[in-house]
Number of protein chains: 2
Amino acid sequence: MKTTIYDVAEKAGVSISTVSRVINNTGRISDKTRKKVLEVIEALEYQPSLVATALTGKRTGTIGLIIPDVANPFFAEIARRIEDQCREIGFSLLICNTENNPDTEEMYLDLLKQKSVDGIIIGTISRNQYVIEEYLQEKLPVARIAYDQPDWRIDAVLVDYFLGGHQAVSHLVQLGHKKLAIMTGNRSHAGNKLCYEAFRQVIAENGLALREEWLIETDSTMEDGRQKALEILSSSDRPTAIFASCDSLAIGVYQAAKTIGLRIPEDLSVVGFNNTILAAVVDPPLTSIAQPIQEMGRQVVELLMREMEGEKAVKQRVFLAPELIVRGSTKKWESAR
Amino acid sequence: MKTTIYDVAEKAGVSISTVSRVINNTGRISDKTRKKVLEVIEALEYQPSLVATALTGKRTGTIGLIIPDVANPFFAEIARRIEDQCREIGFSLLICNTENNPDTEEMYLDLLKQKSVDGIIIGTISRNQYVIEEYLQEKLPVARIAYDQPDWRIDAVLVDYFLGGHQAVSHLVQLGHKKLAIMTGNRSHAGNKLCYEAFRQVIAENGLALREEWLIETDSTMEDGRQKALEILSSSDRPTAIFASCDSLAIGVYQAAKTIGLRIPEDLSVVGFNNTILAAVVDPPLTSIAQPIQEMGRQVVELLMREMEGEKAVKQRVFLAPELIVRGSTKKWESAR
DNA sequence: AATGAAAAGGAAAGCGCTTGCTCCTTCATC
DNA sequence: GATGAAGGAGCAAGCGCTTTCCTTTTCATT
């Protein structure tokens with residue numbers, strides 16, 4: 001049988017209150033008693049039941065993370081960093097995959113609440129705003145990471161997508177590219193929209209021509225990237241550089257380029273977004289905008305903690321600066337060509 | 001305040017026992033009462049506290065997964081499939097990253113036990129055999145996935161690495177390759193060892209020459225793969241095909257080949273192992289041995305469940321057959337060259 | 001209408017822990 | 001030696017639920 005606090009109390013010849021106090025370092029306990037109790041705990045290999053502890057109103061020491069899919073490298077990395085941070089502060093992480101299905105997400109929100117997690121981190125574009133607002137009312141801390149929905153009043157740690165897009169496009173322009181295309185996922189999502197706006201702005205600032213047919217909006221999958229890229233690259237009047245709002249899209253561009261016989265970076269420069277492991281692995285390595293995922297994880301957990309401690313009244317959104325990682329997929333454009 | 005079973009009982013004009021019975025569908029309850037209670041539950045949006053439920057001796061509905069790193073695509077996929085399976089049966093998953101550090105692993109084992117998880121799945125080469133045996137004694141189900149340690153008496157779902165290695169090498173031999181190299185991670189791990197043995201056996205069966213310097217054992221990282229590959233590929237008398245015991249190693253080979261100016265698959269065929277997303281993304285797409293991860297996840301959870309139900313007395317190890325996924329990195333060897 | 005078995009539902013004892021309250025010791029102080 | 005303030009430690013309530021016993025109803029039988 002599992003040893004309980006009673007076993008310890010009995011063997012140490014004290015009451016369970018005393019044992020509890022020793023463990024939690026609360027109340028006054030004489031050194032002698034404390035020592036005795038600790039010895040017994042050691043001897044019995046006693047470990048308090050976190051379930052029972054949780055029931056008495058303290059924390060469960062668990063936080064929930066809701067993301068579309070851990071098998072997606074970007075979210076895997078997010079999960080990893082958040083888990084690291086949680087471990088650091090003695091929490092553990094319950095990871096939930098929604099597949100971008102709002103019903104699954106709602107189911108998980110319910111479940112996390114039933115499990116009395118101490119906080120929830122949301123890494124999806126969520127359609128459960130009202131549920132979450134209810135949670136916040138009930139003092140269950142919730143924060144968002146990576147995805148933004150501007151109409152939500154909620155703590156969030158985000159990347160400045162506009163800045164990221166700006167860096168990516170500026171990089172291409174500085175390399176001498178004049179014929180630029182952009183490929184984003186659904187622009188109703190803030191991140192994609194901001195990339196798009198940054199693109200337009202940089203193009204405008206530099207007095208370059210904006211080609212409507214090179215402003216592509218599609219699903220964020222490799223296959224969609226490939227198909228759309230195939231379309232714009234097939235023409236002889238094609239862009240010399242493409243900025244993709246995520247790495248998978250960029251890799252789709254790689255595939256299209258290969259089919260057509262275009263060399264990267266000689267004939268076409270490509271910039272991705274998120275700097276996932278995929279970017280490092282493709283040939284040539286993909287220039288990509290990196291989100292500071294570790295820092296994001298750190299900060300989102302911190303926001304949650306402060307909310308748990310009841311220290312925070314004001315919701316906040318933190319925008320971290322992304323970083324351009326230059327690899328082999330971008331190259332100076334020789335106008336001689 | 002959160003609504004409890006008492007609130008429901010009061011509003012429905014029954015005792016909490018009755019509410020509990022309605023929820024769990026136990027005991028005898030008249031349809032009328034049941035209906036009334038359900039209505040109140042609905043109205044109050046009552047959701048039982050799983051913490052309290054767990055304390056009364058029932059399950060926590062949580063299982064723990066211990067892996068080296070979710071950010072590694074192979075383990076991310078494993079985590080994903082196990083999570084899917086857990087959700088199916090109403091469980092949730094606590095994911096723990098050990099970084100292959102035995103102390104971290106032990107810490108997590110303790111933690112999972114304290115959290116009263118209903119079972120633990122281990123996806124690491126573990127050095128905590130004694131701890132785990134203790135858990136099994138205490139009826140805390142534990143099972144392994146992906147990694148085998150033959151001296152453990154424990155439920156496990158594995159892939160038949162020998163078969164996988166055999167398929168990979170046979171594939172290369174059938175393509176006409178006569179000069180084969182193998183690159184594995186640490187051969188003290190069963191999987192690597194079996195790949196190695198399969199390699200030797202196929203070579204022997206086909207009367208091919210075995211070159212000691214082409215039997216490479218190294219760390220399972222891209223960088224190590226690159227360096228070792230560089231060494232054996234630099235010589236003019238080099239292998240025409242390499243079997244790598246994991247995809248990262250294979251990608252290291254890609255990088256080395258590129259440096260030297262060897263084309264894949266024309267000058268060099270490469271086969272990887274695990275069929276991670278990386279295999280699909282590199283150019284040319286990597287031929288790789290796929291582990292049936294979904295099925296593995298399904299079965300490991302099932303083993304755990306049966307253990308929980310107390311149905312099983314005999315430990316078992318299930319070996320699933322891997323599958324060769326032929327892509328663009330392997331090609332018939334023209335002896336004319 | 002009396003009888004007893006089956007049906008329905010309540011009371012209460014935990015599960016393992018935290019914590020407010022209370023009570024008993026010690027000492028230092030006068 | 002009497003007095004009172006700390007210091008130590010125990011009692012018991014309670015967290016929200018499950019489950020064993022028991023009591024009360026209900027209803028078919030005679």
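Keep in mind the model is a prediction, meaning the values are calculated, not measured. Proteins get letters first, then strands, A, B, ... in listed order; numbering begins at 1 in each.
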- Message: So A/Val14, base contact, sugar-phosphate only, or nothing? Heavy-atom distance under 4.0 Å.
- Response: sugar-phosphate

- Over how many whole Å does the gap from A/Arg34 atom CZ to D/dG10 atom P extend? 14 Å

- Message: Please report the distance, rounded to the nearest Å, between CG in A/Asn24 and P in C/dT18.
- Response: 5 Å

- Task: Mind calculating the distance between CD1 (B/Ile16) and P (D/dC17) to the nearest angstrom?
- Result: 8 Å

- Message: Measuring from the side chain of A/Ser30 (C-beta onward, heavy atoms only), which nucleotide among D/dA9, C/dC17, D/dG16 has the closest atom?
- Response: D/dA9

- To the nearest angstrom, the CD-C1' distance between B/Glu10 and D/dG16 comes to 15 Å

- Separation of C/dG9 atom C1' from B/Ile23 atom CD1, nearest Å, is 15 Å

- A/Ile5 to A/Ile16 - nearest heavy-atom pair and separation: CD1-O, 3.7 Å

- Message: I'd like to know if the side chain of A/Lys115 pairs up with that of B/Ser92 as donor and acceptor (distance under 3.5 Å, no hydrogens or angles considered).
- Response: yes

- Query: In whole Å, what is the span from the CD1 atom of B/Ile5 to the P atom of D/dC17?
  - Reply: 5 Å

- Of the nucleotides D/dC11, D/dG16, D/dT19, which one has an atom closest to the side chain of A/Ser15? D/dC11

- Message: Please determine whether any donor N or O and acceptor N or O are separated by less than 3.5 Å between the side chain of A/Tyr6 and the base of C/dC17.
- Response: yes

- Task: Could you work out which one of D/dC17, D/dG10, D/dG14 sits closest to the side chain of A/Thr56?
- Result: D/dG14

- Task: Identify whether any heavy atom of A/Thr33 sits under 4.0 Å from a base atom; if not, whether one sits that close to sugar-phosphate; answer base, sugar-phosphate or nothing.
- Result: sugar-phosphate

- Using a 4.0 Å heavy-atom cut-off across all strands, classify B/Ser17 as base, sugar-phosphate, or nothing. base

- Task: Classify the nucleic acid contact of B/Ser49 as base, sugar-phosphate or nothing, counting any heavy atom under 4.0 Å across all strands shown.
- Result: sugar-phosphate

- Rounded to the nearest 0.5 Å, how far does CG of A/Asp84 lie from CD of B/Glu99? 6.5 Å

- Determine: side-chain N/O of B/Ser20 to OP1/OP2 of D/dT18, distance under 4.0 Å, yes or no. yes

- Query: When the distance from CD of A/Gln47 to C1' of C/dC17 is rounded to whole Å, what number comes out?
  - Reply: 15 Å

- Item | Any N/O donor-acceptor pair, B/Arg21 side-chain to D/dT20 base, under 3.5 Å | yes

- Between the main-chain N or O of A/Asn97 and the side-chain N or O of B/Arg87, is there a donor-acceptor pair closer than 3.5 Å? yes

- Task: Among C/dG9, D/dT18, D/dA9, find the nucleotide with the atom closest to the side chain of B/Ile29.
- Result: C/dG9

- To the nearest Å, how far apart are B/Asp31 CG and C/dG9 C1'? 14 Å

- Message: Side chains of A/Glu295 and A/Gln299: any donor to acceptor distance under 3.5 Å?
- Response: yes

- Query: Any side-chain N or O of A/Arg28 under 4.0 Å from OP1/OP2 of D/dG8?
  - Reply: no

